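This structure is a prediction, so every number in the text was calculated from the model and none was measured. Here is the naming used below: chain letters follow the sequence lines, and residue numbers restart at 1 for every chain.
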Amino acid sequence: MSAGAVLDLEGLNPVQRAAVQHDEGPLLLLAGAGSGKTRVVTHRIARLLLEGSSPDSVLALTFTNRAAREMRERVFGLLGADDLPGLTISTFHSLGARFLRQHATAVGRTRAFTIYDDDDQTAVLREALNDLNAGLSAKGVRAWRRAIDQAKNAGLDAREATPPSEGALLDPAEVGARYELLMERADAFDFGDLILRPAQILTEVPSLAESYRRRWRWVLVDEFQDTNRAQYAWLRTFAPPASNLFVVGDDDQSIYGWRGAEVENILQFPHEYPAARVLRLEQNYRSDGHILQAANGVIAHNERRLGKDLWTERSEGTRIELYEGHDARGEARWVAERIAGLCREEGYAPGDVAVLMRANHLSLDLEETLTRAGLRYAVVRGRSFYDRAEVRDALAYVRLLVNPNDDVAFRRALGVPSRGVGKTSLARLAEFADARGESALAAAAAALDAAVLRGRARSGLADFLAALAAARAEASSPSAQVRGLLERVGLMEHLAHEDVEREAGEGRQANVERLLQAIESYEQETPDASLAGYLEQVKLVSEVDVAQLSGGAVSLMTVHAAKGLEFPVVFVIGLEDGVFPNARALDDRDGAGEEEERRLCYVALTRAERRLILTRARQRRTFGEVRHNAPSRFLRELPRGAVESRYVPEPPPAARAWQRRASGWPREHDPVAVAPAPSDDELCVDVVYDEFGGSDGPGFSPGMRVWHAQLGAGRVRKVNPGMRPSLTIDFDDVGQRKVLASFVAPYQG
DNA sequence: AAAAACTATTTTTTT
DNA sequence: AATAGTTTTT
């Protein structure tokens, strides 16, 4: 290491410094949000290297590629280095993929194996289930996919999966075996394999584990609360209790339980690693006082936690703002205006602002209003681009170039553009290939000889094979090879044709062109560029990882995607029961669901530095149906002192009804009378609490007998709370109707 | 076998 | 509301 660099530890607090300077033996660092844990990890790595440890001996594992990249850059910055060959800072999955490329043959794969994502996995499983004569509904197949995924996350084999209720009659051993056979034939690994297989290999070959153990003298794991059992098992093979394992985490920020993350890993760490030293970072350097109070207040409602309270030396700052829109559009309109106002009047820039939400689709209305308001925004979505049908089609061709046994890609590519090879021909081909124990493409030439197919199907397949062979023979750069193949098979032409037909299309051809350009720029940026390398990047690196945040645009993203980030101004939208907390998550895992949703809310709130603004809509369209959601229960948990004492809810859209009438629209649903907007005086903090922290309706509950003056007697099916609560009632005479609760009275008899 | 018509399902979060 | 998947028609 360059002897010149000196690490400055003066800027660190005593606990941070202790963690950086911790010597040998395991250490658990419980680091609250904004407590400077990345600083600690990067300083520690820098310190180790400065004191003479070889970069080879350091392994840092993160959860996302974004975190890995940030960590790497900060270490380089501290050391004034451009590169540190041998230093491994990587995600679990990237490391797993790298490991498996080296040991592929031990598990029946080649070095060129393909990584299958959820959709690919589902396609394989559909095949597997069909082969077992157990054709299931799409839902059933997906349920099995989840079951296998969960098994692998828990460190089990696919054969040990717990059958989902949709396909409970099937034997998991059979399903799992068939699935794994097809995966092996396709030379593919799923995401779970990237963790599970390395763990299995290292467990079976202790000498190999030993060599890694010797190499990685210093192992650091970030976001330890999000590791699953398989990751933990893998970790233990090369970082056993006696090693220098340094884990950092926060049980309050565990938000991946649905993916198999085990908070237990962090809770049990002191027992599993008895020699472990435990340090806590509780001083927050990110958020103003009110924001921190709000976050602490909400998370305090969780019972299963180690318990910690963040504190700050910062001033209390501005109180948290609340807004209630009439519907999602009203909410969006206000948010856009508020962002514009903060930029105009308080010196914030759009790039300082993030809008966080529970689910991706909640951004739709906002995107529209932001555009209209002339505010630049960037939606940080998981992997939207690569999920487009046409991009996946094009990628299928790329995949076949890299791995000819990739059966999922084969089926996909063969079908687009259509070549006269339909369902029946495909089934025949699959049967033929299966009998030979080969992948479809490997058996295709023989199938042509054996005249398995006739007529158009036969010539279509022959053309397809010829195009692939020609592309392979082409000795050009990877991107040129792909371009050539796509031209040869007429995909571009096909898409151009489709674009014309669809008129209002978003340019499918243009999207594939973008893909080709992405491959080209990958080629230019990467030293040993290969299509295989590109594909791995596509699978493992999401848009979230590469998003240029604060590039001057408002960031729109899910709370999950926002983890680890911070912004001067944070909006959290859609704070309604059923949305955030998400209804499905709530009945998950007996009660654990609500606590995880609350942790998610905690993560959202703690992203904010200076301003925190929470919004909800009284009604929202979901699945094409208007729903009146109660305010999020988390709003009720905000400490009053931290919340702005006044808020002005959006008045009901009386104006719109009037306009409709004026323009001659039918007036069937015009409200007869509309409540006036409440005056400011009515909106002191107590009202905020009643309205926001919402009543659950005026004493009605499902099952209750009620009376309506016009419609007669009935039974309450559903209570729809809100500003003007309504009830869905099964009337004895007229069937199900939705009526305002104020017109209904409880009724005996 | 392909296109058109119909239907069921979705929006929970992601490596 | 939009779409992916399924069935029917050509």
Side-chain angles (χ1 to χ4, degrees), chain A residues 61-68 90-97 115-119 121-123 126 135 137-139 141-142 146 149 152-153 189-195 223 226-228 230-231 254-261 328 356-365 380-384 387-389 415-426 453-458 460 501 536-545 557-563 574 578-588 593 596-597 599-601 603-604 620-627:
Chain A
L61 288 169
T62 63
F63 205 60
T64 65
N65 291 288
R66 183 177 66 205
S90 153
T91 64
F92 274 99
H93 287 86
S94 298
L95 186 71
I115 299 169
Y116 272 14
D117 66 16
D118 294 7
D119 287 344
Q121 214 184 341
T122 308
R126 189 176 297 129
S137 65
K139 204 173 161 191
V141 178
R142 275 199 306 275
R146 245 185 93 74
D149 209 41
K152 291 190 175 185
N153 284 335
F189 282 125
D190 59 36
F191 275 118
D193 286 329
L194 298 183
I195 307 297
E223 308 279 17
D226 288 330
T227 52
N228 61 35
Q231 287 167 325
S254 165
I255 56 175
Y256 284 99
W258 51 274
R259 215 172 78 182
L356 309 185
M357 57 209 87
R358 179 62 179 83
N360 281 304
H361 74 277
L362 293 167
S363 69
L364 293 178
D365 289 286
V380 182
R381 207 165 285 150
R383 43 181 327 105
S384 55
D387 282 339
R388 289 163 202 252
V416 186
S418 35
R419 305 186 159 77
V421 187
K423 220 166 129 189
T424 347
S425 309
L426 218 47
L453 304 181
R454 290 191 309 272
R456 276 214 298 156
R458 188 185 152 84
E501 266 190 0
E536 179 160 322
Q537 203 180 48
V538 166
K539 290 294 182 179
L540 294 182
V541 181
S542 70
E543 282 182 34
V544 177
D545 293 319
M557 62 183 106
T558 65
V559 183
H560 282 91
K563 182 146 179 225
V579 177
F580 196 176
N582 173 277
R584 287 221 203 152
L586 279 184
D587 31 72
D588 249 22
E596 181 152 316
E597 291 293 295
R599 289 193 293 269
L600 194 58
C601 181
V603 168
R620 187 182 295 279
R621 283 188 96 90
T622 318
F623 304 140
E625 188 190 21
V626 176
R627 308 202 44 161

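Residues that satisfy the side chain to side chain donor-acceptor pair (under 3.5 Å) test with S254(A), not counting sequence neighbours, are absent from this structure. S425(A) pairs by the side-chain contact (heavy atoms from CB on, under 4.5 Å) definition with V421(A), L453(A), A457(A), not counting sequence neighbours. Residues that satisfy the side-chain contact (heavy atoms from CB on, under 4.5 Å) test with A123(A), not counting sequence neighbours, are V408(A). For the side-chain contact (heavy atoms from CB on, under 4.5 Å) test, residues two or more places apart in sequence or in another chain that qualify with N582(A) are R358(A), R584(A), A585(A), E597(A). D365(A) meets the salt bridge (Lys or Arg N to Asp or Glu O under 4.0 Å) test with no other residue; sequence neighbours excluded. In this structure F63(A) satisfies the ring-ring contact (aromatic ring centres under 6.0 Å, His included) test together with Y256(A), sequence neighbours excluded. Shown here are the salt bridge (Lys or Arg N to Asp or Glu O under 4.0 Å) partners of R458(A), two or more places apart in sequence or in another chain: there are none. Residues passing the side-chain contact (heavy atoms from CB on, under 4.5 Å) test with S94(A), sequence neighbours excluded: N65(A), S90(A), T91(A), L540(A). Under the rule for a ring-ring contact (aromatic ring centres under 6.0 Å, His included), F92(A) has no partner lying at least two apart in sequence or in another chain.
Not a single donor-acceptor contact under 3.5 angstrom links the side-chain atoms of R584(A) to the base of dT12(B). No donor-acceptor contact under 3.5 Å links the side chain of W258(A) to the base of dT12(B).
Within 4.0 Å of F92(A), counting heavy atoms only, lies no atom of the nucleic acid at all. R142(A) comes within contact range of the sugar-phosphate backbone alone, with a heavy-atom separation under 4.0 Å but no base atom that close.
In this structure, of dG5(C), dT15(B), dT14(B), it is dG5(C) that holds the atom nearest to the side chain of R126(A).
Comparing dT13(B) with dA4(C), their P atoms are spaced 15 Å from each other, to the whole Å. With both ends at atom C1', the span from dT11(B) to dT6(C) equals 22 Å, rounded to whole Å.
One can place CG of D118(A) at 13 Å from C1' of dT12(B), the figure rounded to the nearest angstrom. For the pair E597(A) CD and dT11(B) P, the computed distance is 15 Å after rounding to whole Å. Straight-line distance from the CG atom of D119(A) to the P atom of dT14(B): 14 Å, rounded to whole Å. If you take CG of L356(A) and P of dT12(B), they are 19 Å apart, rounded to a whole angstrom. Taking atom CG on D226(A) and atom P on dT13(B), their separation rounds to 17 Å, with Å as the unit. If you take CG of N228(A) and C1' of dT15(B), they are 10 Å apart, rounded to a whole angstrom. Per the geometry, CE belonging to M357(A) stands 11 Å off P belonging to dT14(B), to the nearest Å. One interatomic measurement links the two molecules: CG of L362(A) to C1' of dT13(B), which rounds to 12 Å at whole-angstrom precision.
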List every contact pair, protein side and nucleotides 1-3 of chain B side both N or O, where the distance is under 3.5 Å.
{"unit_1": "dA1(B)", "atom_1": "OP1", "unit_2": "S425(A)", "atom_2": "OG", "d": "2.5"}
{"unit_1": "dA1(B)", "atom_1": "OP2", "unit_2": "T424(A)", "atom_2": "OG1", "d": "2.7"}
{"unit_1": "dA2(B)", "atom_1": "OP1", "unit_2": "G420(A)", "atom_2": "N", "d": "2.5"}

N/O-N/O pairs, protein side and nucleotides 1-4 of chain C side, under 3.5 Å:
{"unit_1": "dA1(C)", "atom_1": "OP2", "unit_2": "R621(A)", "atom_2": "NE", "d": "3.0"}
{"unit_1": "dA1(C)", "atom_1": "OP2", "unit_2": "R621(A)", "atom_2": "NH2", "d": "2.3"}

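Heavy-atom distances to DNA chain B give each of R358(A) and F63(A) a nearest nucleotide, and the one nearer the 5′ end belongs to R358(A).
Contact annotation: T64(A) does not reach the phosphate of dT14(B) (side-chain N/O to OP1 or OP2, under 4.0 Å). The phosphate of dT14(B) (OP1 or OP2) has a side-chain N or O of N360(A) nearer than 4.0 angstrom. At dT12(B), none of the side-chain N or O atoms of R259(A) fall inside 4.0 Å of OP1 or OP2 (strictly under the cut-off).
A salt bridge links D226(A) with K563(A): the closest approach of a Lys/Arg side-chain nitrogen to an acidic carboxylate oxygen falls below 4.0 angstrom. Looking at E596(A) and R599(A), a side-chain N of the basic residue comes within less than 4.0 Å of a carboxylate O on the acidic one, giving a salt bridge.
With the 3.5 Å cutoff on both pairing distances, Watson-Crick and G-U pairs in DNA chain B assemble into runs of at least 3 at B:1-10 with C:1-10.
Of the inter-residue distances, the one linking K152(A) atom NZ with L194(A) atom CG reads 9.5 Å to the nearest 0.5 angstrom. Atom CG in L356(A) sits 11.5 Å away from atom CG in L362(A) (nearest 0.5 Å).
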